[in-house]
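Chain A is the first sequence line, chain B the second, and so forth, proteins listed ahead of strands; every chain is numbered from 1. Quick note: numbers below take in every heavy atom, side chains included, and nothing from hydrogens, waters or symmetry partners.
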Amino acid sequence: MSSLIQTTLALPPHPNPNLTTPCTLFTVLTSSTTLNHLKQVHAQILRSKLENSNSVLLKLVLSSCTLSTSLDYALSVFCQIQNPETHLCNKFLRELSRSTKPEKTLLVYEKMRRDGLTMDRFSFPPLLKAVARVSGFSVGSEIHGLASKMGFYSDPFIQTGLVGMYAACGQIMEARLVFDKMSHRDVVTWNIMIEGYCQSGLFDDVLELFEEMKSSGVEADQMILCTILSACGRARNLSYGKAVHEFIMENNIAIDSHLQSAIVNMYSSCGAMDLARQIYDQISSKNVVVSTAMVSGYSKFGQVEDARLIFNQMIKKDLVCWSAMISGYAKSDQPQEALKLFNEMRHLGIVPDQITMLSAISACAHLGALDQAKWIHIFVNKNGFGGALSVNNALIDMYAKCGSLDRARGVFENMPRKNVVSWSSIINAFAMHGDANNAISFFHKMKEKNIEPNGVTFVGVLYACSHAGLVEEGKKIFSSMTSEHGIIPEHKHYGCMVDLYCRANLLREALELIETMPLAPNIVIWGSLMASCQIHGEVELGEFSAKRILEVEPDHDGALIVLSNLYARERRWEDVGQMRKLMSRKGIFKEKACSRIELNNEIHQFFMADRYHKQADQIYEKLEDVVSQLKLVGYTPNTSVILVDVEEDEKKELVLSHSEKLALCYGLISGNKGSSIRIVKNLRICEDCHNFMKLVSKVYEREIVVRDRTRFHHYNDGLCSCKDYW
DNA sequence: AGACATGCAC
């Protein structure tokens with residue numbers, strides 16, 4: 001304690017340093033606004049031999065712990081008090097449980113237990129609140145036990161605290177048990193229970209409980225309506241959300257800005273952007289929250305440009321709305337724009353948090369540029385996000401998508417804690433790179449470590465089998481899904497199996513599976529079949545599956561594109577023309593093929609036959625040179641991949657100007673000799689380019705890594721890691 | 001009240 005006095009004496013004097021009586025002390029204490037002043041007052045107390053006056057010291061503690069910076073000081077003072085009165089302890093607990101460091105509440109609780117201090121029913125609500133905030137389930141159940149032992153099991157405030165504590169610790173069943181035992185529930189209790197279901201993602205229970213609450217005669221307040229609307233949004237339950245909106249209107253419930261935001265957010269989360277917009281436009285003073293709800297809605301449902309318009313109009317922008325906009329670009333496949341915004345935000349002095357980082361990392365993953373990825377990884381470590389589980393999971397995916405399986409694996413191996421997402425991500429990383437053996441072996445390792453695979457894990461493993469032609473292994477794993485893990489296969493899993501059979505040219509098995517599976521085939525299944533038919537040129541079956549898709553979704557762009565490709569392969573140009581007309585009438589366009597290459601921290605982008613690049617002349621010169629070199633080892637352009645009705649010579653020219661070939665030639669001109677050439681393409685690589693890459697890797701002795709729409713091809717010495725099976 | 005990491009096919 002003496003050291004404290006030493007330091008405090010050096011501080012500037014308190015405005016009223018002459019403290020002699022407890023009475024003046026009180027007055028000064030309540031007017032003390034800084035920690036330094038408090039410490040001076042404390043010194044005065046000690047000097048005036050008032051040290052044993054518990055009430056003075058406690059008052060000091062209580063007024064100081066409202067200052068968030070002085071928590072530790074408050075604790076140290078508290079610890080010196082001999083026998084604090086219970087009601088003052090409770091007040092201290094309450095302040096701590098609301099503070100920025102709720103875990104300190106539990107330290108005080110432990111001290112109180114150790115010192116045998118008295119607790120009463122008012123001690124428990126703050127303790128439970130603190131447990132809820134730190135998700136300390138084990139100490140929470142201990143406190144529950146203590147409360148019961150002391151006979152407080154029917155105190156409604158303690159019961160409400162217990163419900164909140166269990167819900168916050170993810171123990172929703174326990175929470176419900178306490179809730180059901182309660183004889184008096186007010187709107188707060190209902191709200192906590194409903195919010196608990198919301199946090200656990202049990203939206204059906206949310207709505208069910210809300211109905212129960214209304215019929216039990218408890219009136220819904222604005223707070224609970226916000227919770228319900230948020231649940232509707234997260235569950236994408238538009239019809240219930242609309243009903244809640246109507247309920248609000250019919251019952252003349254006052255709509256404050258919170259509730260208004262909740263309504264707009266419900267519509268925008270459900271993708272009902274027109275309805276969201278109607279309400280949004282009527283709001284005269286739009287705050288940052290409601291605007292962010294619009295930005296996020298437009299972003300999620302593919303209208304990133306509309307999101308940007310709102311974003312640009314916003315006067316005040318906080319971290320959340322920057323994050324929403326960045327994530328919007330990352331999701332809309334505009335990773336460069338996402339990263340540009342990320343940097344703009346940082347230059348404005350806004351410090352990213354973990355959620356912003358997840359979107360920025362995801363943007364790097366989409367971009368597929370390894371140098372950029374390394375940069376963000378360094379940024380992550382420098383800014384203290386390196387230990388976060390979800391950040392590391394995102395990094396695994398990012399490195400995998402940037403072509404560095406080694407780095408993805410490095411992140412995975414160095415993680416102190418791994419969850420099912422980490423394992424699924426690394427399995428998928430192997431799958432993407434065509435390393436089915438490791439994908440399968442990691443799947444087994446994960447089970448040995450008692451991490452339960454989930455539906456997504458199986459998508460990764462089955463995808464690996466499918467892309468490596470491992471039919472038997474895939475079948476075994478698929479059946480273990482139900483028999484060993486109790487996971488009921490969904491459409492996407494049947495889709496993987498259909499794909500597995502089709503790639504192995506086992507169309508009969510694929511059809512049999514579709515006919516015998518317990519689910520009605522949907523777009524996913526038909527899409528999978530259709531895609532495989534396109535690869536194998538199975539026109540009849542492909543046409544059949546495409547038509548099934550169009551029955552459900554007449555504007556399905558994939559089906560129309562594949563159909564037109566299939567007709568083109570058959571040289572049915574009239575049918576092709578009709579498809580093209582239909583597509584342009586519906587406003588559907590084939591995505592333009594585009595390849596990117598990253599060199600010296602710059603990203604160069606190429607479209608088919610484009611001459612936008614400033615070194616275009618050199619690139620086309622190099623292309624001619626490469627083609628003649630390859631012809632010496634037997635290359636001839638494969639024009640069967642060109643699906644437009646033009647002369648053979650023109651087809652040759654078209655196939656030679658594919659964007660990945662341009663990117664490759666630029667890499668050959670500008671990259672360091674001996675370094676690998678990394679290309680990212682938005683669509684599936686065609687057979688001719690695939691062959692071209694193989695030959696270049698041999699003739700020019702360069703490693704080439706190409707990421708296409710779904711996977712990686714590593715070309716070395718004339719061979720591809722996909723073993724020509726993709 | 002608003003932003004969030006793993007996933008089939010096109």
Side-chain angles (χ1 to χ4, degrees), chain A residues 222-223 225-227 229-230 233 256-266 268-269 287-297 299-300 318-328 330-331 352-359 361-362 365 388-398 400 419-429 431-432 454-463 466-467 490-500 502-503 523-535 542 545-546 549 556-563 565 590-591 683-684 709-710:
Chain A
Q222 289 168 327
M223 263 246 284
L225 286 164
C226 285
T227 309
L229 286 165
S230 153
D256 62 2
S257 69
H258 276 212
L259 195 49
Q260 203 162 36
S261 299
I263 295 167
V264 170
N265 184 54
M266 179 275 293
S268 87
S269 303
N287 64 27
V288 60
V289 174
V290 75
S291 298
T292 304
M294 292 300 292
V295 169
S296 144
S299 297
K300 269 192 202 123
D318 63 3
L319 180 59
V320 178
C321 86
W322 279 97
S323 293
M325 198 62 241
I326 291 168
S327 136
K331 281 200 191 101
D353 69 357
Q354 196 178 306
I355 293 175
T356 329
M357 289 317 298
L358 291 175
S359 291
I361 295 169
S362 155
L389 181 65
S390 57
V391 169
N392 281 310
N393 289 342
L395 288 174
I396 296 173
D397 180 58
M398 175 189 76
N419 66 359
V420 60
V421 177
S422 330
W423 285 92
S424 303
S425 301
I426 194 70
I427 288 170
N428 191 52
M432 239 190 281
N454 64 17
V456 178
T457 322
F458 279 98
V459 170
V461 191
L462 293 174
Y463 177 88
S466 158
H467 280 247
E490 295 166 45
H491 279 110
K492 56 194 172 190
H493 302 108
Y494 286 104
C496 287
M497 290 308 287
V498 168
D499 191 49
L500 174 81
C502 288
R503 279 175 196 275
I523 288 186
V524 176
I525 303 295
W526 294 126
S528 194
L529 186 61
M530 176 181 79
S532 316
C533 288
Q534 179 174 244
I535 295 169
S545 41
I549 293 173
H556 192 280
D557 43 3
L560 290 168
I561 290 164
V562 171
L563 214 45
N565 289 349
K590 235 178 171 173
E591 196 176 333
L683 304 176
R684 187 179 188 269
R709 195 179 188 89
T710 55

(request) List for me each residue that meets side chain to side chain contact (heavy atoms under 4.5 Å, CB included) alongside Asp499(A), sequence neighbours excluded, and say none if there are none. (result) Ser466(A), His467(A), Arg503(A), Ser528(A), Ser532(A)

(request) Please name the pair of heavy atoms, one in Thr710(A) and one in Met432(A), separated by the smallest distance, quoted to 0.1 Å. (result) O-CG, 3.6 Å

(request) Return the set of residues passing side chain to side chain donor-acceptor pair (under 3.5 Å) with His491(A) (not counting sequence neighbours), or none when no residue passes. (result) Asn522(A)

Between the protein and nucleotides 8-10 of chain B, list the N/O to N/O atom pairs that are separated by less than 3.5 angstrom.
| unit_1 | atom_1 | unit_2 | atom_2 | d |
| --- | --- | --- | --- | --- |
| dA9(B) | OP1 | His467(A) | NE2 | 3.1 |

(request) Looking only at non-hydrogen atoms, find the nearest pair between Trp526(A) and Ile549(A) and report the distance. (result) CB-CG1, 3.5 Å

Which protein N or O atoms sit under 3.5 Å from an N or O of nucleotides 2-5 of chain B?
| unit_1 | atom_1 | unit_2 | atom_2 | d |
| --- | --- | --- | --- | --- |
| dG2(B) | N1 | Asp318(A) | OD2 | 2.8 |
| dG2(B) | N2 | Thr292(A) | OG1 | 3.0 |
| dG2(B) | N2 | Asp318(A) | OD1 | 2.8 |
| dG2(B) | N2 | Asp318(A) | OD2 | 3.0 |
| dG2(B) | N3 | Thr292(A) | OG1 | 3.4 |
| dA3(B) | N1 | Asp353(A) | OD2 | 3.0 |
| dA3(B) | N3 | Ser323(A) | OG | 3.2 |
| dC4(B) | OP1 | Lys331(A) | NZ | 2.8 |

(request) Mind checking side chain to side chain donor-acceptor pair (under 3.5 Å) for Asp256(A) and listing every partner two or more places apart, or none if nothing turns up? (result) none

(message) Nearest 0.5 Å, please: how far is CG in Asn392(A) from CG in Asp397(A)?
(response) 12.5 Å

(message) Tell me every residue that passes side chain to side chain donor-acceptor pair (under 3.5 Å) with Asn454(A), counting only those two or more places apart in sequence or in another chain.
(response) Thr457(A)

